[in-house]
2 protein chains.
Amino acid sequence: MALRRGSLIGEYIRRQRQQAKMSLRQLAAQAGVSNSYLSQVERGLRKPSAAILNQIARGMHISSQALYVQAGLLQDRSPHSDALAAIRGDTTITGRQRQVLIDIYESFRKEKPARDSRHRLDSSDEPRSQTRLAR
Amino acid sequence: MALRRGSLIGEYIRRQRQQAKMSLRQLAAQAGVSNSYLSQVERGLRKPSAAILNQIARGMHISSQALYVQAGLLQDRSPHSDALAAIRGDTTITGRQRQVLIDIYESFRKEKPARDSRHRLDSSDEPRSQTRLAR
DNA sequence: TCAGATTGTTCGCAATTGCAAGCAGAGCTG
DNA sequence: CAGCTCTGCTTGCAATTGCGAACAATCTGA
């Protein structure tokens with residue numbers, strides 16, 4: 001049997017983890033799953049249950065929804081997670097810092113090919129960020 | 001015994017099914033799961049995976065979210081205004097832009113009491129400058 | 001009354017999930 | 001070099017999922 005699973009969920013997790021500069025074990029510990037299992041999940045050898053996805057999401061500080069969507073368990077839904085609102089409501093940083101973030105965020109939004117009218121569905125990052133495995 | 005699980009998900013499904021005046025087998029067929037399994041799920045003897053929940057939701061014409069919430073796999077709404085989570089989940093900007101925001105955000109939090117001002121917004125090991133983002 | 005259809009349920013069993021433990025390398029530090 | 005720690009990966013193994021196939025009740029209808 002081929003394991004040619006979509007595995008986009010696994011790749012997504014790995015990408016997010018690396019972007020957050022976490023080791024596999026680190027994330028595993030933080031999420032409360034075993035590192036071995038997480039390894040297999042990331043490589044698409046195993047298909048994690050929703051409960052596990054949930055834990056992973058929490059461990060990575062991303063929304064469960066985002067993961068579910070990636071896993072194909074949930075379509076679409078709430079494309080606007082409203083980062084702005086979250087930033088504005090964040091009290092762990094100063095007002096000045098908040099304003100900086102907001103400014104940057106908004107400049108990003110403008111920079112984007114905002115031509116797109118309808119909400120985008122694919123959500124994923126750049127298509128070409130290929131892992132380049134040191135080793 | 002001792003299966004006194006929460007099983008609210010099961011009860012919920014059964015209630016919805018009966019309200020729709022469907023038989024267990026009918027729903028099972030429409031959802032593409034076995035009737036035996038559906039029976040066990042409804043009585044809380046088994047904990048269905050998200051994939052199964054998805055199929056059931058489709059078979060009952062209710063939203064997947066509703067079921068996930070009932071199953072405790074998803075919280076009703078965005079629970080917190082976790083800025084990091086929101087940024088990570090934001091699909092209206094590119095992954096690189098996200099990463100920039102995240103880096104800045106984290107540097108802000110590290111900054112703590114403006115004493116140790118180690119502004120290291122960059123210093124990344126990734127060549128993300130001049131990301132002109134085609135498309 | 002007896003065959004047939006429908007209801008929900010129980011009973012194995014193959015396949016899968018998820019874990020603990022242990023493996024091979026890379027990267028340091030003395 | 002040895003020793004330690006980090007990285008991710010592989011290997012059994014118990015527990016669980018999910019299904020097919022039967023089972024007991026109930027409701028027809030001829």
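Below, each value reflects all heavy atoms present in this structure, side chains not excepted, and no hydrogens, waters or symmetry copies. Labels below follow one simple rule: chain letters A, B, ... track the order of the sequence lines, proteins then strands, and each chain is numbered from 1.
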Q: At their closest point, which heavy atom of Met22(B) faces which heavy atom of Met60(B), and how far apart are they?
A: CE-CA, 4.4 Å
Q: Whole Å only: how far is the CD atom of Gln26(B) from the C1' atom of dA5(C)?
A: 14 Å
Q: If you look only at pairs with a residue in residues 42-62 of chain A, which of them pass as a ring-ring contact (aromatic ring centres under 6.0 Å, His included), with sequence neighbours excluded?
A: none
Q: Quickly work out the Arg43(B) CZ to dT7(C) P distance and round it to whole Å.
A: 16 Å
Q: Rounded to the Å, how far apart are Gln55(A) CD and dT17(C) P?
A: 15 Å
Q: Within this structure, what is the CG-to-P distance between Leu53(A) and dG18(C), rounded to whole angstrom?
A: 8 Å
Q: Of all the choices, dT17(C), dT9(C), dT10(C), which nucleotide is nearest to the side chain of Gln40(B) once you look at every atom?
A: dT10(C)
Q: Please give, in whole Å, the distance from dT17(D) P to Ile52(A) CD1?
A: 12 Å
Q: From CZ of Arg46(B) over to P of dT10(C), roughly how many Å is that when rounded to an integer?
A: 11 Å
Q: Between Arg46(A) (side chain) and Gln40(A) (backbone), is there a donor-acceptor pair under 3.5 Å?
A: no
Q: Which is true for Ser34(A) with a 4.0 Å heavy-atom rule: it touches a base, it touches only sugar-phosphate, or it touches nothing?
A: base
Q: Just to be sure I understand the rule, does Ser39(B) reach a base, reach only the sugar-phosphate, or reach nothing, if contact means heavy atoms closer than 4.0 Å?
A: base
Q: Give me the atom names and distance for the closest heavy-atom approach of Ala66(A) to Tyr12(A).
A: CB-OH, 4.2 Å
Q: Ignoring backbone atoms, test whether Arg14(B) places a side-chain nitrogen or oxygen under 4.0 Å from the OP1 or OP2 oxygen of dT7(C).
A: no
Q: Measure the distance from CG on Leu45(B) to P on dG18(D) and round it to the nearest whole Å.
A: 14 Å
Q: Work out which heavy atom in Asn35(B) is nearest to a heavy atom in Leu24(B); give both atom names and the distance.
A: O-CD2, 3.2 Å
Q: Measure the spacing between CZ of Arg43(B) and CD1 of Ile13(B) and express it to the nearest 0.5 Å.
A: 13.0 Å
Q: On a heavy-atom basis, which atom in Ser64(A) and which in Asn54(A) lie closest, and how many Å separate them?
A: OG-OD1, 2.6 Å
Q: Taking N or O atoms only and anything under 3.5 Å, show me the protein contacts with nucleotides 21-28 of chain D, one pair per line.
A:
none

Q: Rounded to whole Å, how long is the line connecting atom CD1 of Ile13(B) with atom C1' of dG8(C)?
A: 15 Å
